[in-house]
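The next block holds one structure in the form of structure tokens; read it before the comments.
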Amino acid sequence: MRPVRSDLAPRPGLSRDEMESLQRRVAEAAVFEDDLPFDPARVSLDSPERENETLTDATAPGGDADSPPLVAGIDQSFLDDRALSAVVVLRGGEVVERVHAVSDLDLPYIPGLLSFREGGPILDALAELDCDPDLLVFDGSGRIHFRQAGLATHLGVVCDAPSIGVAKSLLCGTPDEDVDGRPEGWRTPIRADDSVDPVGGHPAGPETTIGYAFQSRQYDSRPIVNPLYVSPGHRLSAATAVDLVSQLSGSYKLPEPTRLADAYADEAKAQYED
DNA sequence: GCGACAG
DNA sequence: ATCTTGTCGC
């Protein structure tokens with residue numbers, strides 16, 4: 001998979017102000033409404049049943065009428081000053097491709113500028129892909145970001161691909177309701193607050209839903225498991241983003257694509273440790 | 001000045 | 001993210 005908007009790609013050597021203004025340009029280019037080349041209802045972990053199926057072109061955008069869309073999960077692990085970016089692609093419940101790349105890191109982790117640290121390395125891994133995913137699921141935020149341009153939004157726009165951000169903690173914004181001790185499947189909107197700037201046609205008032213808190217898993221009744229914070233990256237709405245994450249949830253807290261990428265990032269890491 | 005913050 | 005043993009429970 002190749003970058004389509006390389007002009008907006010995270011480049012090393014930018015000043016903080018330059019990185020922030022690039023994020024505003026990314027937000028301007030971002031689409032937080034459904035603009036998908038496939039039916040979101042077809043995204044699932046169920047393996048397609050193709051018994052009496054005739055020969056079809058499963059490589060077309062969105063696949064054929066029976067095969068589910070290709071969903072890529074992306075995550076990283078670290079080795080000293082290098083990042084190992086892993087990508088696992090699923091079609092229904094089947095893993096169809098796994099690739100990874102090891103890249104040097106230019107910046108430290110700075111809240112709000114994550115895509116400038118991990119974005120380049122992730123693009124390195126995506127370039128290794130033979131297939132062309134219909135949806136990208138990132139570990140981190142999308143629109144839930146100070147300038148509405150988190151990692152998922154930045155790379156979704158650069159690749160011009162539908163993308164979703166799945167974070168384990170909240171960067172900014174305010175949940176409509178208290179998120180503790182909620183049952184599986186529960187969700188509540190995350191509204192923009194004072195720390196979120198309006199950018200390029202995307203408002204940032206309390207009426208703006210920039211994402212959702214989503215309880216993907218809960219064991220008993222104890223508030224042991226925190227919710228996930230799901231936000232649209234590019235080409236879909238916040239509501240569709242949570243629905244998709246819900247559809248991609250298996251038996252664990254993280255949705256399957258991201259969980260598998262997380263495991264693969266650790267597994268592959270062992271090959272590079274001195 | 002204080003607070004607060006994805007991975 | 002990463003450093004890390006055991007431990008509680010389905």
Side-chain angles (χ1 to χ4, degrees), chain A residues 10 16 19-20 23 26-27 30 73-87 100 102-125 136-156 163-175 179 184 190 192-197 204 210-214 216-234 238 241 245 250-255 258-259 261-270 272-274:
Chain A
R16 179 160 192 144
M19 291 191 275
E20 294 188 358
Q23 289 182 324
V26 166
I74 297 131
D75 192 33
Q76 300 175 305
S77 59
F78 299 85
L79 316 327
D80 295 314
D81 263 34
R82 292 175 302 169
L84 190 157
S85 308
V87 181
H100 71 268
V102 175
S103 324
D104 291 320
L105 289 166
D106 307 303
L107 305 172
Y109 164 67
I110 300 170
L113 298 178
L114 182 66
S115 66
F116 288 90
R117 170 180 169 78
E118 309 190 342
I122 289 174
L123 289 174
D124 290 341
L136 270 23
V137 182
F138 294 93
D139 206 319
S141 292
R143 192 181 186 183
I144 293 180
H145 180 272
F146 310 124
R147 288 163 293 282
Q148 303 188 55
L151 178 70
T153 298
H154 200 154
L155 297 187
S163 64
I164 297 175
V166 179
K168 295 180 288 297
S169 59
L170 191 58
L171 176 62
C172 59
T174 310
V179 305
E184 245 174 65
I190 298 297
D193 60 20
D194 293 338
S195 70
V196 180
D197 298 338
I210 55 177
Y212 279 86
F214 174 59
S216 59
R217 196 79 225 246
Q218 198 58 281
Y219 302 111
D220 290 292
S221 56
R222 323 266 59 161
I224 311 173
V225 184
N226 300 311
L228 291 176
Y229 294 93
V230 180
S231 55
H234 185 43
V245 168
S251 309
Y252 301 83
K253 174 174 177 173
L254 293 178
T258 293
R259 187 184 72 81
D262 180 90
Y264 180 43
D266 282 337
E267 175 191 327
K269 175 181 179 177
Y272 298 86
E273 289 177 319
D274 304 87

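Order of the sequence lines sets the chain letters (A, B, ...), proteins ahead of strands, with each chain counted from 1.
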The reported gap from CD1 in A:Ile74 to OG1 in A:Thr258 (rounded to nearest 0.5 angstrom) is 7.5 Å

Mind checking side-chain contact (heavy atoms from CB on, under 4.5 Å) for A:Ala167 and listing every partner two or more places apart, or none if nothing turns up?
A:Ser141, A:Tyr229

A:Tyr252 OH to C:dC10 C1', in whole Å, measures 13 Å

Who passes side chain to side chain donor-acceptor pair (under 3.5 Å) against A:Ser169, sequence neighbours left out?
none

A:His100: which residues meet the ring-ring contact (aromatic ring centres under 6.0 Å, His included) condition with it, sequence neighbours left out?
A:Tyr264, A:Tyr272

Would you write out the dot-bracket form of DNA chain C, 5' to 3', with Watson-Crick and G-U pairs under 3.5 Å, [ ] for crossing pairs, | for pairs to other strands and . for unpaired bases?
..........

What does A:Ser195 touch in the nucleic acid at a heavy-atom separation under 4.0 angstrom: a base, only the sugar-phosphate, or nothing?
nothing

Any chance you could encode DNA chain B as dot-bracket? Rule is Watson-Crick or G-U wobble with both distances under 3.5 Å; [ ] for pairs crossing earlier ones, | for another strand.
.......

Could you list the donor-acceptor pairs under 3.5 angstrom formed between side-chain atoms of residues 104-125 of chain A and any protein atom two or more places apart in sequence or on another chain?
unit_1, atom_1, unit_2, atom_2, d
A:Ser115, OG, A:His154, ND1, 2.9
A:Arg117, NH1, A:Leu107, O, 2.6
A:Asp124, OD2, A:Ser103, OG, 2.8

Are the side chain of A:Gln23 and the backbone of A:Gln148 linked by a donor-acceptor contact shorter than 3.5 Å?
no

Reading nucleotides 2-7 of chain B from 5' to 3' and marking B where a protein heavy atom lies under 4.0 Å of the base, S where only the sugar-phosphate is that close, and - otherwise, the string is ---BBB

List the residues meeting side chain to side chain donor-acceptor pair (under 3.5 Å) with A:Ser85, not counting sequence neighbours, and say none if there are none.
A:Gln76

Can you name the salt bridge (charged side-chain N to carboxylate O under 4.0 Å, His left out) partners of A:Asp262, sequence neighbours left out?
none

Scan residues 145-156 of chain A for pairs that pass salt bridge (Lys or Arg N to Asp or Glu O under 4.0 Å), counting only residues two or more places apart or in two chains.
A:Glu20-A:Arg147

Are A:His234 and A:Leu155 side-chain neighbours, meaning at least one heavy-atom pair lies under 4.5 Å?
no

In whole angstrom, give the distance that lies between atom NZ of A:Lys269 and atom P of C:dA1.
10 Å

